[in-house]
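Here the structure comes first, spelled out in structure tokens, and everything after it is commentary.
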Amino acid sequence: RQQAEQAGAGMEGDGQHPAPAAPQGEHLQLLLRRSREAKNCAYCPYSRFPVGAALLTASGEIFSGCNVENACYTLGVCAERTAIQKAISEGHTSFRAMAITSDMGDNFIVPCGACRQVMREFGTDWDIYLTKADGTYIVKRLEELLPLSFGPEDLKK
């Protein structure tokens, strides 16, 4: 499997809190597998573009989600936001990593801008595993996917 070097591992932007530990070995394989399983549940009759996501919480639980389309296109929801909303609804707000899977052959799947902003609500110091259909992946820190971002702390300024 292809894996990119992690950037910024170790400390959050303020330098006072350790960054959440990234999944490794069997835990990483489970996260990737759960994202593939979620993709198989996608409801995407219009785009025919199934996406699955698996979100690892700070406590080690995994919440999966798939994209769910609607005939009124704007009411659809992405896999990443589905997984986050499931975790939030169960009381989890601290995340370590997310794996995202699709059927894209030559390119790594990336989250849309809306999903990046929703992810950002819960910090920038967690890993996002972007996969290809063949199972290869790269890992990016959320802060790499949404640089110079706006978050909850900006409302306190």
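Keep in mind that this is a model prediction, so the values were computed, not measured.
Note on Val77 and Ile128: separate hydrophobic clusters, where clusters join Ile, Leu, Val, Met, Phe, Trp and Tyr whose side-chain heavy atoms are under 4.5 Å apart, directly or indirectly. Both Phe49 and Ile100 belong to a single network of hydrophobic side chains, linked directly or stepwise wherever heavy atoms of I, L, V, M, F, W or Y lie under 4.5 Å apart. Taken together through direct or relayed side-chain contacts under 4.5 Å among Ile, Leu, Val, Met, Phe, Trp and Tyr, Leu146 and Phe95 form parts of separate hydrophobic clusters. Residues Val118 and Ile109 are members of one and the same hydrophobic cluster, defined by side-chain heavy-atom contacts under 4.5 angstrom among Ile, Leu, Val, Met, Phe, Trp and Tyr.
Of all heavy-atom pairs spanning Met98 and Ala53, the tightest one is SD-CB, 4.2 Å. Heavy atoms only, all atoms of each residue included: Gly65 and Ala79 are closest at O-CB, 3.5 Å. For the residue pair Leu130 and Leu145, the shortest heavy atom distance occurs at CD1-CD2, 4.4 Å. Between Cys78 and Cys112, the closest heavy-atom pair is SG-SG, 3.9 Å. Pairing each heavy atom of Glu80 with each of Cys115, the nearest pair is OE1-SG, 3.6 Å. Counting all heavy atoms, side chain and backbone alike, Ala133 lies closest to Gly105 at CB-CA, 4.3 Å.
Listed for the Thr131 side chain is no donor-acceptor partner under 3.5 Å among the backbone atoms of Gly135. Glu144 places a side-chain N or O within 3.5 Å of a backbone atom of Arg141 that can act as its donor or acceptor partner. The closest donor-acceptor contact from the side chain of Arg34 to the backbone of Leu31 lies at 3.5 Å or more, if one exists at all.
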Margin query: I'd like to know whether Ser47 forms a side chain to side chain donor-acceptor pair (under 3.5 Å) with Glu69, so could you lay out the CA-CA distance, the side-chain angles of the two residues, the decisive distance to 0.1 Å, and finally the verdict.
Written below: CA-CA 8 Å; Ser47 71; Glu69 295 179 350; 2.2 Å; yes
Margin query: Run Ile88 and Thr93 through side-chain contact (heavy atoms from CB on, under 4.5 Å) and show every step you take.
Written below: CA-CA 6 Å; Ile88 297 297; Thr93 58; 3.8 Å; yes
Next item on the list: Please assess Arg120 against Ser149 for the test side chain to side chain donor-acceptor pair (under 3.5 Å), listing each intermediate value before the final yes or no.
Entry: CA-CA 8 Å; Arg120 168 60 179 92; Ser149 63; 2.6 Å; yes
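The shortest distance between side-chain heavy atoms of Ile84 and Met119 falls below 4.5 Å. Two residues are said to be in side-chain contact when any heavy atoms from C-beta on lie closer than 4.5 Å; Pro50 and Asp103 meet this criterion. You'll find the side chain of Gln29 stays beyond 4.5 Å of the side chain of Arg33, heavy atoms only. Proximity of Asn67 to Tyr43: side-chain heavy atoms (C-beta onward) are nowhere separated by under 4.5 Å. Residues Leu28 and Tyr129 form a side-chain contact, since some pair of their non-hydrogen atoms from C-beta on lies under 4.5 Å apart. Under the 4.5 Å side-chain criterion, counting only non-hydrogen atoms from C-beta, Leu55 is not in contact with Glu61.
Atom CD of Glu26 sits in a sparse spot, with 12 or fewer heavy atoms from other residues, nucleotides or ligands closer than 6.0 Å. A 6.0 Å sphere centred on CG of Asp106 holds no more than 12 heavy atoms belonging to other residues, nucleotides or ligands.
The cationic atom of Lys132 (NZ for Lys, CZ for Arg) lies less than 6.0 Å from the six-membered ring centre of Phe108 and within 45° of the ring axis.
Taking the six-membered ring where the residue is Trp, Phe63 and His92 present tilted rings, their angle falling between 30° and 60°.
Interatomic distance, CD of Glu121 versus CG of Leu142, reported as 11.5 Å (0.5 Å rounding). Rounded to the nearest 0.5 Å, atoms OG (Ser35) and CG (Leu56) are 12.0 Å apart.
No salt bridge links Glu90 with Lys86; every basic N to acidic carboxylate O contact stays at or beyond 4.0 Å.
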